[in-house]
Amino acid sequence: MSATPRRIAIFGATSRIATETARLWLARGVALVVVARNPERLRMLTDDLGIRAGGLAEVDAVTADLADLDALPALWQSMTDRFPDLDGVLLAHGSLPDQARCEATPETMLHEIRVNALSAMSLLTVIANDFEARRRGIIAVIGSVAGDRGHRSNYVYGAAKGMLAIFLQGLRSRLHGSGVTVITLKPGFVITPMTQDFDRDGLLWVRPERVARGIVRAFERRRDVVYLPWFWRPILWATRLIPEPVFKRLSL
Ligand SMILES: NC(=O)c1ccc[n+]([C@@H]2O[C@H](COP(=O)([O-])OP(=O)(O)OC[C@H]3O[C@@H](n4cnc5c(N)ncnc54)[C@H](OP(=O)(O)O)[C@@H]3O)[C@@H](O)[C@H]2O)c1
């Protein structure tokens, strides 16, 4: 079984975590298809990656709004028509919602569920069938430690990431033995544009380069569920042990 796919599609490729991961893969000679919604940011990304690749690896770009759920099956079909050797995907797109706005209006809450869960689940439905038929491929999705337990501060985001984690768990089980690997990635606190309004001092905050190294390693080792960095696994284990009558009083 080959360690790393030959050609990987990265959805939400302009994300800081995805960009750092793309740089590492390029350095390993992996061909990339980068998918993002903002054409200007996508062009800047492909310019940067093209210079870094120095002609040693291919980088192709696709523009798509991944919240447009109806368009996703045709998007994947067009990508595999163009790149029939696609055998890896990383789903990185997401948004950290304003929790107060999500509490105020169902429309905002539903939009965030669409961006953070339904979009990935729609894409995964077509990608999984495709990879299953070809009996190969690696599917990896960036979830979050926020999906492991509902917090008052971000439970809409957490609910979306939690839904995604359950979906991936079932998909992994369904595809077990089919030659297709399904990886759930759960970063903790990462210094990226998504968290720019937070006070990012403290030992738990890490740079996106570290998370990217963990993602590349997860692909090489074909892991199931990976906390990034590793120390979030015992933290979340302990958090889940807190009884609900106590947990609901914590201002987390
Ligand atoms: N930073 C953290 O602490 C942290 C922790 C746990 C998990 N995560 C997860 O890690 C992933 C990457 O986030 P990041 O930290 O690297 O943040 P980021 O740099 O802000 O990246 C978020 C990306 O999602 C894209 N996106 C949002 N809505 C989209 C849509 N409808 N269609 C296409 N692309 C869309 C954004 O594209 P535009 O450039 O067009 O806006 C942006 O490239 C996300 O899934 C996030 O939930 C982050």
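Counting starts at 1 for both ligands and their atoms, following the listed order. Note that the coordinates shown come from a computational prediction; the quantities given were computed from them, not determined experimentally.
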Contact (N/O only, under 3.5 Å) between T195 and ligand 1: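 No: no nitrogen or oxygen of T195 is under 3.5 Å from one in ligand 1.
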
Distance-only N or O hit between ligand 1 and V190, under 3.5 Å: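 The answer is yes, given that V190 and ligand 1 share an N or O pair closer than 3.5 Å.
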
Note the single closest protein heavy atom to [atom], along with its residue, its atom name and the distance in Å.
| atom | answer |
| --- | --- |
| atom 15 (O) of ligand 1 | T192 OG1, 2.7 Å |
| atom 21 (O) of ligand 1 | S15 CB, 3.0 Å |
| atom 43 (O) of ligand 1 | T14 OG1, 2.8 Å |
| atom 26 (N) of ligand 1 | H93 CB, 3.9 Å |
| atom 27 (C) of ligand 1 | G94 O, 3.4 Å |
| atom 41 (O) of ligand 1 | R37 NH2, 3.0 Å |
| atom 19 (O) of ligand 1 | R16 N, 3.0 Å |
| atom 10 (O) of ligand 1 | I142 CG2, 3.3 Å |

[X] to ligand 1, any heavy atom closer than 4.0 Å:
| X | answer |
| --- | --- |
| Y157 | yes |
| K186 | no |
| G188 | yes |
| P193 | yes |
| G143 | yes |
| A92 | yes |

Residue pairs fulfilling ring-ring contact (aromatic ring centres under 6.0 Å, His included) with at least one residue in residues 88-129, sequence neighbours excluded: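 For residues 88-129: none.
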
Any V190 side-chain heavy atom under 4.5 Å of T195 side chain: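 The answer is no; the side chains never approach within 4.5 Å.
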
Side chain to side chain, L171 and V180, heavy atoms closer than 4.5 Å: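 Not in contact.
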
Working for side chain to side chain contact (heavy atoms under 4.5 Å, CB included), residues L252 and R149: CA-CA 11 Å; L252 295 170; R149 197 154 186 185; over 6 Å; no

Under 3.5 Å donor-acceptor, [X] side chain and [Y] backbone:
| X | Y | answer |
| --- | --- | --- |
| R135 | G179 | no |
| D130 | V126 | no |
| K248 | R152 | no |
| S119 | L66 | yes |

Closest to atom 17 (O) of ligand 1 among R200, E40, K161, M194 (heavy-atom distance):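 Going through R200, E40, K161, M194 one by one, M194 has the nearest heavy atom to atom 17 (O) of ligand 1.
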
Whether F131 and W76 hold their rings parallel, tilted or perpendicular, with breakpoints at 30° and 60°: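 Because their plane-to-plane angle is over 60°, the rings of F131 and W76 count as perpendicular.
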
For ligand 1, which atoms, with element, lie under 4.0 Å from some heavy atom of [X]?
| X | result |
| --- | --- |
| F189 | 3 (O) |
| V115 | 28 (N) |
| A67 | 31 (N) |

N-O pairing of E209 and R16 below 4.0 Å: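 A salt bridge links E209 with R16.
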
Sidechain N-carboxylate O distance under 4.0 Å for D87, R134: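 No salt bridge links D87 with R134.
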
Residues R23, E20; criterion salt bridge (charged side-chain N to carboxylate O under 4.0 Å, His left out); working and verdict: CA-CA 5 Å; R23 290 173 177 168; E20 295 300 335; 3.2 Å; yes

No-hydrogen, no-angle side-chain donor-acceptor test under 3.5 Å, T181 and R222: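 Present: a donor and an acceptor within the cut-off.
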
Pair S153-Q99, side-chain donor/acceptor within less than 3.5 Å: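 Result is no, nothing qualifies.
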
Part of [X] with heavy atoms under 4.0 Å of ligand 1, whether side chain, backbone, both or neither:
| X | value |
| --- | --- |
| S95 | neither |
| I17 | both |
| L66 | both |

